[in-house]
Amino acid sequence: MYRKNALAAGVAAALALGSVTMVATQSTAVPQSTAAGTSAAQPGAGFRAMTADTRVEAIREAGRNASATARALGLGPDERLVAKDVLIDTDGARHVRYDRTYKGMDVIGGDLVVHLAKNGEITGSDLAHQGAIEVARTTPKLTAADASAKAVKHAKHVKKAKAGSKDSTLVVYAAGKIPVLAYRSTVTGAGETGPASREAVIVDAASGALLEQYELHQTVTGTGNGVTVGQVSIETTQTGSGYTLTDAAHGGTIIYDSYNSPQTNPKQNARTFSKTSNSWGSGTTSSRESAAVDASYGLAKTWDYYKSSFNRSGIRNDGRGAPAYVHVDNSLLNAFYDDTCFCMSFGDGSSQNSNTPVTALDVAGHEMSHGVTASTANLTYSGESGGLNEATSDIFGTMVEFYANNTGDQGDYYIGEKLNMSGGYMRRMDNPSADGNSLSCWTSGAGSVDVHYSSGIANHFFYLAGEGTGAKTIGGRAHNGTTCNNDTFSGIGKDKAAAVWYRALSTYMTSTTNYAGARTATLQAAADLYGTNSQERYLVSKAWAAVSVGTALPDPGNGTPTPDPTDPTDPPSGNALTNGSFEQGTSGWTQSDNIITNSSLQPARDGSWYAWMMGYGADAVESVSQSNVAVPATGAPKLTFWLKVSTQESGYAAYDTLKVKVNGTTLATYSNANVSSGYVQKTVDLSAFKGQSVKLEFAGTEDTYLATIFLLDGIAIG
């Protein structure tokens with residue numbers, strides 16, 4: 001995986017709107033080409049403005065080039081690329097997002113982004129799953145009905161669950177190291193998000209073993225006391241002698257009264273809001289229109305923020321507004337975006353918050369941003385990627401609040417602060433752990449924490465990147481930018497931080513991106529926008545280090561030449577190896593397969609990158625090596641490295657091995673018998689190679705049955 005920088009571009013300043021009178025548009029619809037047409041706003045995050053027709057043609061062209069692109073990337077003969085979106089930089093470079101299929105089946109974790117120069121030459125790529133997709137068999141041992149039954153048993157977010165065979169679809173699951181044939185099922189029932197919760201459960205098509213599960217409703221949860229945006233301007237549509245809450249200026253977004261339809265089908269009893277006057281709501285819950293005003297205003301401001309800042313026209317960047325439903329279900333203290341219906345739902349709250357609708361400004365921005373994530377990186381809603389998904393919505397929901405500049409709801413870094421919760425907010429970006437549940441600092445267990453809590457790591461990063469450290473008052477609320485490493489530094493400003501995050505999300509992140517990958521993506525985005533040796537990129541790295549993700553880059557302003565590596569965390573001076581910590585990715589190393597990785601499926605010993613060898617559970621060989629390594633000519637030179645071994649084997653027989661070779665000579669052998677709960681440092685004497693230039697190789701071999709994984713990190717020769 002490699003990338004090259006694109007030209008940087010400035011970010012359009014957010015437009016602050018004051019209160020004006022309510023506006024009714026005369027037309028009943030807006031043609032798609034008009035809604036997504038060119039704008040006078042300067043495109044942000046380094047992207048060129050595109051009309052709807054231009055974007056459609058760019059996607060079609062990417063589709064025509066899909067076969068050639070697949071070959072260039074070394075994908076398999078049974079794989080196909082499906083063009084999903086195209087972004088064009090100001091210099092003409094393109095970033096094409098594809099989904100993958102394998103023998104006609106969707107590939108979970110198969111999405112990728114291909115980067116092309118203006119002349120069409122591929123300059124880099126980011127793949128959720130490295131390399132070609134291949135599965136041993138495409139005929140499942142389980143029937144769809146069997147898979148549905150297994151899914152029901154595995155479901156953890158949904159109780160009293162039920163699922164039918166029609167809900168189970170064959171897919172290829174490629175989010176792990178080895179792609180497998182699997183079933184994806186939708187389980188419904190009473191659960192954590194209400195009486196009609198929905199959960200995706202993915203099981204192995206041969207064994208029924210659980211591979212992954214996550215809620216389908218990407219939710220904002222909590223207890224609180226509701227909110228109103230006060231007297232505001234909203235866009236409506238005149239129809240004959242009356243008006244409806246149809247916002248033609250924002251893609252035809254329509255606000256419906258769900259009339260307590262269930263979460264699984266919010267439009268079941270839905271009807272449009274319509275009346276003869278153009279005055280809506282009373283600002284109290286006694287009027288059903290009040291919640292609709294909040295939703296209409298919040299979604300319009302979210303649309304305007306994305307358009308003004310990034311020249312994005314709506315959720316899918318196609319100028320089409322998603323319908324929104326208020327008064328969903330009964331006593332629902334929740335709001336969510338559902339990509340399957342391309343719609344948003346807002347509950348009325350419950351007795352816990354005096355039955356106040358959950359339609360706050362930052363909640364509307366949060367939910368609509370889930371749609372933006374779904375149409376770009378599509379971050380899987382579980383593990384570390386799920387935390388990044390939730391954080392993305394918090395980040396842009398917060399930015400919408402600043403952008404709207406509403407006197408009754410000033411911008412701050414508190415999430416849901418207008419819901420009058422017992423603690424005063426749902427989450428805090430400046431100090432996430434203050435709520436007693438959220439994580440402020442990354443740990444190796446972050447992927448097993450509820451995504452609403454693991455999101456705190458990225459929320460904390462974003463606050464520190466934008467505002468820096470220290471106590472300050474923002475929007476009338478106290479903020480305190482403490483760090484996990486006791487560092488102090490200034491921020492780059494929230495608008496620049498948001499531009500970095502948006503470019504990383506839309507250009508470099510994929511469905512399986514974890515926190516280490518997010519760091520890499522944002523550093524590349526900062527380099528694209530502001531330069532490789534910019535203070536902005538440096539401070540982004542400082543903010544990540546402050547939440548325990550990687551280390552800070554050298555300060556480009558201190559006069560010392562700054563190398564390009566993403567994370568120079570190699571052992572101290574004296575290491576004869578290049579990139580011994582792997583934090584520069586594959587730089588300096590030759591690998592037989594996709595061995596060097598920052599995957600969250602296994603832990604690094606230090607930093608984010610490591611070498612993952614073997615683990616196939618089948619006959620396999622692979623190696624990672626480095627040539628022309630100068631062994632010191634004095635003293636007692638030695639090789640040191642950290643090794644972690646996990647295995648399905650038993651006993652002390654060496655079925656699966658990892659050999660350390662120098663110039664082809666085996667100096668040490670490790671096997672499944674060396675199993676360890678964590679990384680253990682190993683030392684190999686190199687005295688026989690004093691003063692020589694050698695080839696260092698780690699060679700792995702695995703037998704037919706049962707898997708053994710060897711993890712390498714922190715390799716040094718000195």
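Start at 1 with the first residue, then count along the sequence.
- Between the side chains of H327 and D257, no donor-acceptor pair of N or O atoms lies under 3.5 Å.
- Contact annotation: the side chain of N406 approaches that of Y297 to within less than 4.5 Å [non-hydrogen atoms, C-beta and beyond].
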Practice item. Step by step, work out the side-chain hydrogen bond (donor to acceptor under 3.5 Å, both in side chains) result for T373 and N378. Key: CA-CA 5 Å; T373 296; N378 197 26; over 6 Å; no
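- Using a 3.5 Å distance cut-off with no hydrogens or angles, the side chains of Y306 and S369 do pair a donor with an acceptor.
- Contact check for Y414 versus H479: side-chain heavy atoms found under the 4.5 Å cut-off.
- Not less than 6.0 angstrom separates the ring centroid of Y413 from the ring centroid of Y425.
- Note on ring orientation: taking the six-membered ring where Trp is involved, the planes of H452 and Y381 are perpendicular (angle over 60°, cut-offs 30° and 60°).
- When each of D450, D394, D362 is paired with R427, the salt bridge (charged side-chain N to carboxylate O under 4.0 Å, His left out) condition holds for D394 and for no other.
- Using cut-offs of 30° and 60° for the angle between ring planes, the F396 and Y305 rings count as tilted.
- No side-chain donor-acceptor contact under 3.5 Å links R503 to the backbone of A521.
- To the nearest 0.5 Å, atoms CG (L87) and CG (N317) are separated by 7.0 Å.
- A 4.5 Å side-chain heavy-atom check between L361 and V400 finds at least one atom pair inside the cut-off.
- Defined by atom type and a distance below 3.5 Å, a donor-acceptor pair is missing between the side-chain atoms of T285 and N355.
- For the 3.5 Å distance criterion, the side chains of W501 and T392 qualify, holding a donor opposite an acceptor.
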Check your understanding: Stepwise, does the side-chain hydrogen bond (donor to acceptor under 3.5 Å, both in side chains) test hold for T237 with T244?
Key -> CA-CA 5 Å; T237 296; T244 65; 4.8 Å; no
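- Formation of a donor-acceptor pair under 3.5 Å by the D111 side chain with backbone atoms of S511 is found in this model.
- Residues S313 and K307 form a side-chain contact, since some pair of their non-hydrogen atoms from C-beta on lies under 4.5 Å apart.
- Considering every non-hydrogen atom in both T482 and N431, the closest pair reads OG1-OD1, 4.5 Å.
- Going from atom OG of S309 over to atom OH of Y502 covers 10.0 Å, rounded to the nearest 0.5 Å.
- Between the side chain of T512 and the backbone N or O of A128 there is at least one donor-acceptor pair closer than 3.5 Å.
- Between the side chain of S261 and the main chain of K267, no donor-acceptor pair closer than 3.5 Å is present.
- The minimum heavy-atom distance between S385 and T380, with the atom names listed, is OG-O, 2.8 Å.
- Contact annotation: the side chain of R312 never approaches that of W303 to less than 4.5 Å [non-hydrogen atoms, C-beta and beyond].
- Under the side-chain hydrogen bond (donor to acceptor under 3.5 Å, both in side chains) criterion, T473 pairs with no residue, sequence neighbours left out.
- A side-chain donor-acceptor contact under 3.5 Å links S382 and E212.
- A side-chain donor-acceptor contact under 3.5 Å links S438 and D435.
- Put simply, the side chain of V326 reaches to within 4.5 Å of the side chain of I255, judged on heavy atoms.
- Judged by distance alone, the side chain of E401 and the main-chain N or O of D412 form a donor-acceptor pair under 3.5 Å.
- Between R320 and D318, at least one side-chain N (NZ, or NE/NH1/NH2) sits under 4.0 Å from a carboxylate O, which counts as a salt bridge.
- Remark: side-chain polar atoms of S455 are not paired, donor with acceptor, to backbone N or O of E390 under 3.5 angstrom.
- We find that K494 and E467 are not joined by a salt bridge, their nearest charged nitrogen and carboxylate oxygen being 4.0 Å or further apart.
- A donor and an acceptor atom, one from each side chain of D339 and Y337, are located under 3.5 Å apart.
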Point to revise | Worked check of side chain to side chain contact (heavy atoms under 4.5 Å, CB included) between F402 and I474 | key: CA-CA 10 Å; F402 279 108; I474 303 172; 3.8 Å; yes
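- Side chain of E235 to main chain of A249: no donor-acceptor pair is present (N/O by atom type, distance under 3.5 Å, no hydrogens or angles).
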Practice item. Before giving the answer on side chain to side chain contact (heavy atoms under 4.5 Å, CB included), spell out for L439 and V547 the whole-Å C-alpha distance, their side-chain angles and the decisive distance to 0.1 Å. Key: CA-CA 9 Å; L439 301 181; V547 298; over 6 Å; no
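- No donor-acceptor distance shorter than 3.5 angstrom exists from the side chain of D329 to the backbone of L332, with no hydrogens or angles considered.
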Exercise for review: Kindly determine whether S393 and H370 satisfy side-chain hydrogen bond (donor to acceptor under 3.5 Å, both in side chains), including the steps that lead there.
Suggested key: CA-CA 6 Å; S393 284; H370 271 309; 3.3 Å; yes
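- Checking each of I254, V293, I234 against L245 for a side-chain contact (heavy atoms from CB on, under 4.5 Å) leaves exactly one that passes, namely I234.
- Around CZ of F273, the count of heavy atoms belonging to other residues, nucleotides or ligands within 6.0 Å exceeds 12.
- The shortest heavy-atom contact between S282 and S287 is OG-CB, 3.4 Å.
- Within 6.0 Å of NZ on K84 lie more than 12 heavy atoms contributed by other residues, nucleotides or ligands.
- Side chains of T253 and D247: a donor-acceptor N/O pair is absent below 3.5 angstrom, by distance only.
- Under the 4.5 Å side-chain criterion, counting only non-hydrogen atoms from C-beta, Q213 is in contact with K156.
- Within the 3.5 Å criterion, the main-chain N or O of A504 finds no donor-acceptor partner in the side chain of T507.
- In this structure, T272 has no side-chain hydrogen bond (donor to acceptor under 3.5 Å, both in side chains) partners at least two apart in sequence or on a different chain.
- I395 has its side chain within reach of N459: a pair of non-hydrogen atoms, C-beta onward, lies under 4.5 Å apart.
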**Study point:** Pair F346-V328, side chain to side chain contact (heavy atoms under 4.5 Å, CB included): steps then yes or no
**Key:** CA-CA 6 Å; F346 299 88; V328 174; 5.8 Å; no
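- Summarising the geometry, atom CD belonging to Q231 is positioned 10.0 Å from atom OG1 belonging to T407; distances are rounded to the nearest 0.5 Å.
- Contact between G408 and K418 at its shortest, heavy atoms only, is O-NZ, 2.9 Å.
- In this structure, the separation between OG1 on T302 and NE2 on H366 is 11.5 Å, given to the nearest 0.5 Å.
- We find that E289 and K275 are joined by a salt bridge, their nearest charged nitrogen and carboxylate oxygen being less than 4.0 Å apart.
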Practice item. Decide side chain to side chain contact (heavy atoms under 4.5 Å, CB included) for R184 and I108; before the verdict, give the C-alpha distance in whole Å, the side-chain angles of both, and the deciding distance to 0.1 Å. Key: CA-CA 9 Å; R184 183 188 186 278; I108 296 175; 4.3 Å; yes
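- A cation-pi arrangement is present between R271 and Y259, with the terminal nitrogen or guanidinium carbon under 6.0 Å from the aromatic centre and inside a 45° cone about the axis.
- The backbone N or O of I202 lies less than 3.5 Å from no partner atom in the side chain of H154, so there is not a single donor-acceptor pair.
- I457 and W442 get closest at one heavy-atom pair: CD1-CA, 3.7 Å.
- S440 approaches C484 most closely through the heavy-atom pair O-SG, 3.7 Å.
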